[in-house]
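Take a look at the structure set out below.
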Protein chains: 4
Amino acid sequence: MSNEQGEGARRRPSDSGPDDDHGGSTRERILTAAGELFAEHGFTATPTSRIAERAEVPKGLIHYYFRRKQDLLAALVERLPDEELESDRLVVRGDVAGSLRRLVGELDARLESSMLLSHLLWREADTHDAVRQAMQQRFGVVVEQIRRVIELAMPPGLAGCDVETAAMLLARVINHRHSVARHRTEDDELDREIGFIANALELGAGSPVVNPA
Amino acid sequence: MSNEQGEGARRRPSDSGPDDDHGGSTRERILTAAGELFAEHGFTATPTSRIAERAEVPKGLIHYYFRRKQDLLAALVERLPDEELESDRLVVRGDVAGSLRRLVGELDARLESSMLLSHLLWREADTHDAVRQAMQQRFGVVVEQIRRVIELAMPPGLAGCDVETAAMLLARVINHRHSVARHRTEDDELDREIGFIANALELGAGSPVVNPA
Amino acid sequence: MSNEQGEGARRRPSDSGPDDDHGGSTRERILTAAGELFAEHGFTATPTSRIAERAEVPKGLIHYYFRRKQDLLAALVERLPDEELESDRLVVRGDVAGSLRRLVGELDARLESSMLLSHLLWREADTHDAVRQAMQQRFGVVVEQIRRVIELAMPPGLAGCDVETAAMLLARVINHRHSVARHRTEDDELDREIGFIANALELGAGSPVVNPA
Amino acid sequence: MSNEQGEGARRRPSDSGPDDDHGGSTRERILTAAGELFAEHGFTATPTSRIAERAEVPKGLIHYYFRRKQDLLAALVERLPDEELESDRLVVRGDVAGSLRRLVGELDARLESSMLLSHLLWREADTHDAVRQAMQQRFGVVVEQIRRVIELAMPPGLAGCDVETAAMLLARVINHRHSVARHRTEDDELDREIGFIANALELGAGSPVVNPA
DNA sequence: AATGAATGAGACTTCATTCAT
DNA sequence: AATGAATGAAGTCTCATTCAT
């Protein structure tokens with residue numbers, strides 16, 4: 001268990017050339033099919049043969065590009081969109097809730113295409129080390145971005161409250177959506193939760209932690 | 001691939017007799033082993049033969065008690081501790097944070113034994129209908145309990161804020177711990193998050209939701 | 001490469017009971033089929049599916065008894081007839097050639113059933129450690145037996161010659177037959193070679209090793 | 001499964017041109033790599049892709065030069081050094097042992113480069129007809145050469161003994177080294193065995209075969 | 001002349017499940 | 001009630017070989 005290899009993922013043959021294949025380069029089609037199926041049924045429960053079917057390539061080609069099934073997962077992780085984004089332009093000083101909403105919107109837009117994928121990765125995180133590491137790193141990045149937006153958006157006088165915790169809280173909510181909530185994505189709830197946190201911050205929540213049990 | 005039910009789970013042969021087996025009735029030992037292994041490696045990735053090994057029973061016995069592998073999962077769901085608990089005695093009026101901490105503590109204590117199991121179930125939730133339904137129901141129960149504790153603990157004057165959202169937020173945090181956070185369970189973080197939410201509530205957060213996007 | 005495991009070979013189900021299978025216990029039939037096919041076409045070139053065909057068992061049963069193909073080889077080695085035999089009764093003092101011929105005859109008789117097998121094992125000796133070790137040990141045993149027979153059969157006065165070398169020489173001839181000569185087993189040649197060696201010993205060959213360049 | 005021949009081995013594209021490849025013509029590098037790998041792991045167990053790797057040529061090139069994998073084996077057989085050598089200059093009349101030692105030394109020197117290869121060929125002899133035939137022919141040539149050296153080296157008076165058998169015996173020893181003994185090549189043993197045979201011949205061994213069984 | 005993507009047959013192996021005892 | 005031998009479908013992966021470029 002948990003053997004990453006670093007190698008295993010062969011380079012794609014025609015990287016930037018025009019694709020006369022139906023729908024992306026062959027390698028890409030395989031990855032897309034794999035991502036979808038993994039997300040729908042899980043990694044172990046998805047036979048490589050079904051990936052081949054959906055990608056409309058012969059079975060052997062899967063293992064030509066990705067020697068082991070596991071390498072498909074690794075490649076999917078690498079292909080994740082970079083979560084980094086210049087968040088500064090989203091910030092409106094004094095409007096924490098609005099700024100956070102815009103941030104979450106941006107993050108979601110980026111992940112939109114890979115929502116299912118993201119969900120899959122959370123599922124496989126504790127079976128595959130590479131996946132887990134990637135996920136944890138991404139979590140850290142998100143927390144950091146939230147924290148930054150909050151700090152920029154907060155009115156100057158209210159610097160005392162627990163920004164760190166609020167950021168973590170929101171990051172967890174976001175992750176929860178991507179990881180577990182998959183089916184019932186109720187934007188309404190999310191919206192209210194963002195509002196709650198922003199409001200709490202503006203009220204100075206968390207600053208004086210009173211008698212911690 | 002959906003959910004069989006009704007039949008499938010055979011009644012244990014010697015139900016009430018004294019156990020001369022080493023460590024619980026045979027059927028129970030099988031379930032425990034299955035729960036552990038499913039949690040460690042996932043449902044599909046766990047062969048029934050390995051369950052038999054860990055439970056120290058012959059392989060045939062697994063399918064004697066549980067005709068299909070899937071029935072093991074169903075039985076594990078049924079065996080989950082009832083989340084219902086008389087929360088009233090945990091409440092100290094005026095101390096929202098403390099009350100919530102005690103509630104979370106109780107919930108954790110109940111789940112302690114089945115922490116891994118709970119995690120497993122979240123993983124398998126979108127592959128197995130029966131599991132998903134159970135999980136969603138449990139989520140609802142937890143939200144409700146949190147809401148109740150908050151309402152009981154809140155000082156009378158502050159009834160205006162968004163208790164519903166706060167409850168959902170905390171429930172999500174709890175679930176996140178059980179479903180995803182598996183490895184790094186940092187109680188410190190949880191504690192601060194509870195404090196943050198309680199404090200926010202006391203400050204009236206969420207009451208006037210300002211310009212919702 | 002070269003991973004023996006010690007385990008891997010499941011115990012046969014009905015060891016000594018009467019066989020109503022057609023031709024030995026199931027496990028034994030598999031081993032016999034494997035031995036034959038390995039000998040004919042080599043280990044790697046023999047698919048387990050063909051073993052199943054010849055043994056007239058379903059493919060899965062092969063791996064029920066022998067988890068890995070390699071375990072078949074290991075089991076075949078273990079099944080080799082013990083080369084040890086009470087050679088003393090074969091010896092006629094003063095008749096070295098005759099004594100050796102009887103010894104070789106005995107060894108051949110023992111190996112007769114496993115001639116092909118023996119050949120196979122030599123072929124696979126340098127790919128599979130377990131096989132090589134078994135083969136080397138067997139070689140040592142044979143050399144020792146030959147040496148003993150020679151010493152018992154030699155007339156007392158001629159003790160000076162190089163018995164060790166003669167024994168090795170003959171052992172090598174025997175092995176050569178089993179390992180390489182497979183197809184054209186001309187007993188005539190063997191006979192003359194035994195005669196030559198015996199005669200040489202009686203003439204005192206090897207005693208004074210002259211200028212070993 | 002028998003032996004194809006006649007076609008199959010394409011002529012190398014640039015036969016006589018200067019080699020700017022690193023280490024021999026491309027075709028030759030392929031053959032060398034194939035020989036090494038076949039000897040190490042056996043014919044069937046060696047993928048052509050690994051041959052390409054070791055030869056540092058693209059995979060397609062293997063099948064460009066040698067349409068079928070089997071043709072590699074055939075080419076290796078053809079490339080074997082010619083065993084024929086003018087043995088007369090090695091002979092010192094009256095010194096049988098010395099003459100044989102020099103002969104064996106020469107043969108070994110020729111085969112030195114292809115010791116492993118020779119071993120491989122013996123292994124594959126009974127799976128590939130072409131290989132077996134080549135091997136048997138080579139065996140005959142060696143026997144003949146030994147016989148010739150013995151006859152030339154023997155003192156005139158001792159013509160009565162069984163030269164044929166002695167030659168066969170020694171040829172077998174040589175072959176045994178090349179085919180089986182691969183790992184523990186103890187020149188010491190070989191030396192003593194040559195001495196034994198030569199000594200036996202000088203003593204007239206084999207001449208009067210006494211009571212053949 | 002040379003390349004490496006593509007192909008599909010088939011190898012080994014695992015496994016849930018059945019069934020005779 | 002309990003067992004483990006038996007079964008065969010299906011999984012992952014390898015590989016010789018072809019072919020368009």
Side-chain angles (χ1 to χ4, degrees), chain A residues 8 10-14 21 25-27 30 44-52 57-72, chain B residues 10-14 17 26-27 43-52 57-72, chain C residues 8 10-14 21 25-27 30 44-52 57-72, chain D residues 10-14 17 26-27 43-52 57-72:
Chain A
R10 213 169 296 208
R11 270 311 84 200
R12 63 218 147 207
S14 65
D21 305 306
S25 80
T26 306
R27 188 177 185 275
I30 293 171
T44 316
T46 302
T48 51
S49 62
R50 198 141 1 155
I51 298 173
V57 298
K59 202 174 37 148
L61 203 52
I62 304 280
H63 292 94
Y64 175 72
Y65 283 107
F66 308 94
R67 197 152 64 77
R68 323 192 144 261
K69 193 188 179 186
Q70 175 182 113
D71 297 330
L72 279 166
Chain B
R10 209 172 300 204
R11 271 316 73 205
R12 66 218 145 201
S14 65
T26 305
R27 188 175 185 277
F43 176 77
T44 317
T46 301
T48 51
S49 62
R50 197 143 3 158
I51 297 173
V57 300
K59 191 165 59 114
L61 206 51
I62 304 281
H63 289 89
Y64 175 72
Y65 284 107
F66 309 92
R67 197 157 63 77
R68 331 202 127 247
K69 190 187 181 187
Q70 186 176 112
D71 298 330
L72 280 165
Chain C
R10 215 168 295 207
R11 269 314 81 200
R12 65 219 145 205
S14 66
D21 305 305
S25 80
T26 306
R27 189 176 184 276
I30 293 172
T44 317
T46 301
T48 50
S49 62
R50 199 139 3 154
I51 297 173
V57 299
K59 202 174 36 147
L61 202 51
I62 304 280
H63 293 93
Y64 175 72
Y65 283 107
F66 308 93
R67 198 152 62 77
R68 323 190 144 260
K69 193 188 179 185
Q70 178 181 110
D71 297 329
L72 278 166
Chain D
R10 210 171 299 204
R11 270 315 75 204
R12 64 215 147 203
S14 66
T26 306
R27 189 176 184 276
F43 176 78
T44 316
T46 301
T48 50
S49 62
R50 200 150 354 165
I51 298 173
V57 299
K59 191 167 58 117
L61 206 51
I62 304 280
H63 289 90
Y64 175 72
Y65 283 107
F66 308 93
R67 197 156 64 77
R68 331 201 127 250
K69 191 187 179 187
Q70 183 177 116
D71 298 329
L72 280 165

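If you're wondering where the values come from, they're calculated on a predicted model, not measured in any experiment. So that the names make sense, note that chain A is the first sequence line, chain B the second, and so on, each numbered from 1.
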Nearest-Å distance for atom pair CZ/C1', residues A:Phe66 and E:dA6: 15 Å
DNA chain F: stems of at least 3 consecutive Watson-Crick or G-U pairs whose donor-acceptor distances fall under 3.5 Å: E:2-21 with F:2-21
Between E:dC19 (P) and B:Ile62 (CD1): distance, integer Å: 19 Å
Can you tabulate the close N/O pairs, meaning under 3.5 Å, that link protein atoms to atoms of nucleotides 14-18 of chain E?
from	atom 1	to	atom 2	distance (Å)
E:dT14	OP1	C:Arg67	NH1	3.3
E:dA16	OP1	B:Thr46	O	3.4
E:dA16	OP1	B:Thr48	N	3.3
E:dA16	OP1	B:Lys69	NZ	3.0
E:dA16	OP2	B:Thr48	N	2.7
E:dA16	OP2	B:Thr48	OG1	2.6
E:dT17	OP1	B:Arg68	NH1	3.1
E:dT17	OP2	B:Lys69	N	2.8
E:dT17	O4	B:Lys59	NZ	3.0

Shortest non-hydrogen contact between D:Thr48 and D:Lys69, atoms and distance: CG2-CG, 3.7 Å
Rounded distance (Å) that lies between atom C1' of F:dC15 and atom CG of D:Leu72: 14 Å
Residue whose closest nucleotide on DNA chain E lies nearer the 5' end, A:Pro58 versus D:Val57: D:Val57
Nearest-angstrom distance from the residue atom CD1 of A:Ile51 to P of F:dG11: 11 Å
Non-hydrogen atoms of D:Arg67 and D:His63 that approach each other most closely: O-CD2, 3.0 Å
Contact check, side chains of C:Ile30 and C:Arg27, non-hydrogen atoms, under 4.5 Å: no
Side chain to side chain contact (heavy atoms under 4.5 Å, CB included) assessment of D:Thr26 paired with D:Tyr65: CA-CA 9 Å; D:Thr26 306; D:Tyr65 283 107; 4.0 Å; yes
OP1 or OP2 of E:dA1 under 4.0 Å from side-chain N/O of D:Tyr65: no
Atom pair distance, as rounded to whole Å: CZ in D:Arg27 and C1' in E:dA2: 16 Å
Any residue meeting side chain to side chain contact (heavy atoms under 4.5 Å, CB included) with D:Pro47, in chain and number order, not counting sequence neighbours: D:Ser49, D:Arg50
